Amino acid sequence: MKAGVVVFPGTNRERDMAHALTLASGQTPKMLWHQEESVDGLDLVIIPGGFSFGDYLRSGAMAAHSPIMTAVRRFAEKGGYILGVCNGFQILTEAQLLPGALLRNAGMRFLSQDCHLKVEGRDSIYTKGWSAGDVFRTPMAHGDGNYTASPEMLDRLEGEGRVAFRYCREDGHVQVDDPQINLNGSARAIAGVLSENRRICGMMPHPENLTDPAIGGTDGLPLFKAIVEAFGV
Amino acid sequence: MSLTVDGELARSFGLTAEEYDKVLAIMGRTPSLTELGIFSVMWSEHCSYKSSRKHLKTLPTKAPWVIHGPGENAGVIDIGDGLAAVFKMESHNHPSFIEPYQGAATGVGGIMRDVFTMGARPVANLNALRFGDAEHADTRRVVDGVVRGIGGYGNCMGVPTVGGETNFHRAYNGNPLVNAMTVGIAQKDRIFLSAAAGVGNPVVYVGSKTGRDGIHGATMSSAEFDDESSSKRPTVQVGDPFTEKLLVEACLELMATDAVISIQDMGAAGLTSSAVEMASKGEVGIDLDLDDVPQREANMLAYEMMLSESQERMLMVLRPDRTEQARKIFEKWELDFAVIGHLSDTGRITVRHKGNVEADIPLGPLADEAPIYDRPALNKEPPAYLTPPADPVGIEKALETLIASPDLASRSWIWNQYDSTVLGQTVKRPGAADAAIIRVEGTSRGLAMTTDCTPRYGQADPYVGGLQAVVEAWRNVTATGAQPLAMTDNLNFGSPENPYIMGQFVQAIKGMGEGGRALDFPIVSGNVSLYNETRSDTGLTSAILPSPVIGAVGVLDDIAQAVGLAMPEDGELLLVGETWGELGQSLWLREICGREEGAPPRINLVAERRNGDFVRQQIRQGAIKACHDVSDGGLLVAIAEMAMASGVGCYLQAHPRELSMHAYWFGEDQARYVIATSQADKLMAEAEKAGVPIRRLGDVGGSDLRFAYGTRLDVSHLKALNNAFFSRFMGEG
Amino acid sequence: MKVRVFVSLKEGVLDPQGKAVGHALASLGFKNVGDVRINRVVDLDVTAENADEARKEGEAMAKALLANEVIEDFNVEVVA
Amino acid sequence: MKVRVFVSLKEGVLDPQGKAVGHALASLGFKNVGDVRINRVVDLDVTAENADEARKEGEAMAKALLANEVIEDFNVEVVA
Ligand SMILES: Nc1ncnc2c1ncn2[C@@H]1O[C@H](COP(=O)(O)OP(=O)(O)O)[C@@H](O)[C@H]1O
Ligand SMILES: [Mg+2]
């Protein structure tokens, strides 16, 4: 698998992402500086977490207009696989490679804690490390993770099985209006979505931070294992 | 500006009449405004340590593993594998009262610069916070802003905030403490220092542009708060963590080359103190031309540029043949880069602006003749040992009250706003263990870190306050299995011009030194924050509690050995250390009886070391599954905290006959640890062999605390009480 | 020329900040406050021949970066 | 009544957001842009007898919460 991790000024979880990929595949991914103009030859482009351009203006806005995003868009048009985590998800929505937008957390505070996700999306390399309905634990760390989209778009995402992950309780219970469960107030408790062709995935929490047995557990590892399996090592 | 430089202006800049006379003698003429500005900030308490230097010198600062002690931007210790830990703590108390968000944020930004200036990548942030009374009208504003500000800056930088401590007390009304600590990791043979060298070498400015931010911040932070501080408000600086993130990456990239001869962050007193310090440490002169300083605002005066405290800036001396290479790196990161002068052989700092010489001062006298005071110090008689009062409520009720009180309530509301997992190396997150633990990337080693201070003990007896902060920090590192290696400190006190406060300061340092020596635990960096006082409308000043905050760092050879608070599902609980039932200055006395009285607990350094070494050794042998030191709130609070961390309960045997029930459960005797183990017999035997007092507390298991007296408390009930304070206090949920 | 780009959330998009501020105002005792919306104003110095050109430049910048048209509307004014 | 509170950073106070946005606009090819400042507008529905009262309420709210007077200035307008 040839993976590349995009680094914008202000990106700060690129090492975490590289570490997770290395654990899953035995190979270190390529780091892609935001001024590069091509991502050709890669199997997978990952946009990691952080505060690209300080997240000033709107989270992800300035990064979405960086030179490399032109290349990423071209890559997407050719059917490329893209994973955006946290700031990466925000960037993908700002770039309109994924629908919707991420607003300030409903409680107005940065949220850094473990949460539980229910795996929902079907037929994607990002979800097939689990069975539909599985629940896994993952850290989250964001200020703007409150997913929103038009009601029509939300219905469409549900109908097409493009809600990848939802916030839930440890036992799998989803409750949209419970701030202890749907921590950031996301529409329909959505934590991650897929593109129409299911090759682009954006999610807010950080499974990459729970992939190492020495660092709290491996609950997030199935995501990376499944990706590696899809492309071969 | 058409200000006349005279004694009166000097006084308004914070210089006394004698100090101004000294300036006149050094200069042999009336100084220019810029020169007066330079003297006033260099001779401020903040930069010159004029009241504290004499006493700081008595602290233990050496050990075989210390690479750089006090005197550099941060302390540096050897942590093995060719690596070094670089750390320091710094206060931003006054700015955090005026504008809590920006004050705290720029405090975090400043301490991170101190660490990466030395070539280390910051890998963890901690903080020590002291807020006013939770009932006080203004406290919520301060808590809200400070916590947001710390998170806002650290989260954006991508440096995990992994630990800290928070207390509330009315003595901090109007004068909160925000002490921020950063730990970084560097290759031990690639440490960068500030001493300039090489006459003719370029002096380079990088980072953000200079604006009129925080002019006279260094002198302001050494002035008591009063109503006039409101008129000084526009001097608050706004932090730009994004620029700092670029700055750290650019600096580390540059430091991987051989371009840098010396480097110094621009902190308090900005360009002045960085230029003066670099040149004086290197015993060279320095010529600056301010026309070349990147400026954010039009028509800035030399005086303003020299004193500006704009954030996110650095000063460096580069090898001339590497200057272009360096420029390219900073251009890549879209940061300003400007050659603003060069080193000279004159031994003077010369500042030019628009063709005029605005300052020309001999560096020798500026440093050597800086005032240094041996201020009178008086000690109050420490209070007598408390005659313990009777228990008015019973231990169950007392426990419920204590764990719900502001000082013992769960801090998860705070740490959930700090990114504690970024970088992917956090082994023990906030709340998981007595010290936070991060892995040293690429190794199996861990760093254990903590901040500690118990100001109420220091208020009663400042010597014990200083000593206890040291031993508690040492204990917290030990309780994870790590070997404590060194400390940084932040000495927060009132006005040193008050002999009783000076006495507190001197005694606290004495206690710290004593503890450091006994535990082979040197102090390698630190910060002094004096004049933490508020003046009320009636003109009365009141000082904060003496708060010598300790930050400690230890090493764990293998993170797999680290233990935290969470108990396993079964096994036994043991108590290491002796219990006398010391209730003086205890939280039980304050929260249950409403009294802040008596002598603080006694400290026995031999017992501390013996008990701690025993516990650490047993953790490393895998005999201990969970460990928690006994501190605020005493034994029962420690046990309850372990139960809440794991959701597992335990059965607790009755107190020993020779002690009263509440003194046993809530006394704050030192040198104690609660441990969970499945090898109780073996541990008891080994403790006996080592001369370590140990006793059985009870069996782990179930979902409640079950007392031998027949009562029980559900762990989930305790958790709910423990979690309630912050959201209620902040009016959320 | 001074160009002001006024960016607001589209109607129907929930404004979490506005909601929180509304709450906070109510708890501070401001009882006469209904809906609260928090919007953004970007003030720009633009070199342009005339107001019309400045406005056009402002609109282009809004579309390119300053507003996210998925959730936001914008409005450009030449102030001076 | 609709009250608009316009909040801006005091002169001389660094605006990191404006700075970064200015950079980004330049790199997107908007070469005619100089200084950029990002400000905040709070739109409030206020029940009041008359415009004067609404303005007063707006001012009180700005002072109490909407603006941080240490670093920000504000300005209240009754829009409708
Ligand atoms: N209380 C203290 N204990 C030990 N060292 C101290 C203490 N206070 C200051 N120092 C040391 O004095 C030096 C100057 O500190 P400081 O002026 O705070 O540095 P900076 O200029 O980076 O703010 C540093 O090396 C610091 O570690
Ligand atoms: Mg420094």
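Numbered from 1 within each chain, the chains take letters A, B, ... in sequence-line order. Keep in mind it's a predicted model, so treat the numbers as computed, not measured.
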So for atom NZ, which belongs to D/K56, do other residues, nucleotides or ligands contribute more than 12 heavy atoms lying within a distance under 6.0 Å?
no
Using every non-hydrogen atom in the two residues, find where B/I98 and D/V70 come nearest and quote the distance to one decimal.
O-CG2, 3.6 Å
Non-hydrogen atoms of D/P16 and B/G239 that approach each other most closely
CG-O, 3.6 Å
Is B/R296 reaching over with its side chain to a backbone N or O of D/G12, donor-acceptor style, under 3.5 angstrom?
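Yes, B/R296 side chain to D/G12 backbone: donor-acceptor pair under 3.5 Å.
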Once rounded to the nearest 0.5 Å, what's the spacing between atom CZ of B/F242 and atom CD of D/Q17?
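The distance works out to 12.0 Å.
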Measure the spacing between CD of B/E99 and CD of D/E69 and express it to the nearest 0.5 Å.
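It is 12.0 Å, given to the nearest 0.5 Å.
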Taking the side chain as every heavy atom from C-beta outward, state whether B/S310 and D/L14 have any pair of such atoms under 4.5 Å apart.
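A side-chain contact under 4.5 Å is absent here.
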Is there a side-chain contact between D/K19 and B/S208 in this structure, where contact means two heavy atoms from C-beta onward sitting under 4.5 Å apart?
yes
Please look at B/E334 and chain D and tell me whether the side chain, the backbone, both or neither of the residue comes under 4.5 angstrom of a heavy atom of that chain.
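It is both, since atoms from each part get that close.
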Per-residue contact mode, D/N68 against chain B (heavy atom under 4.5 angstrom):
side chain
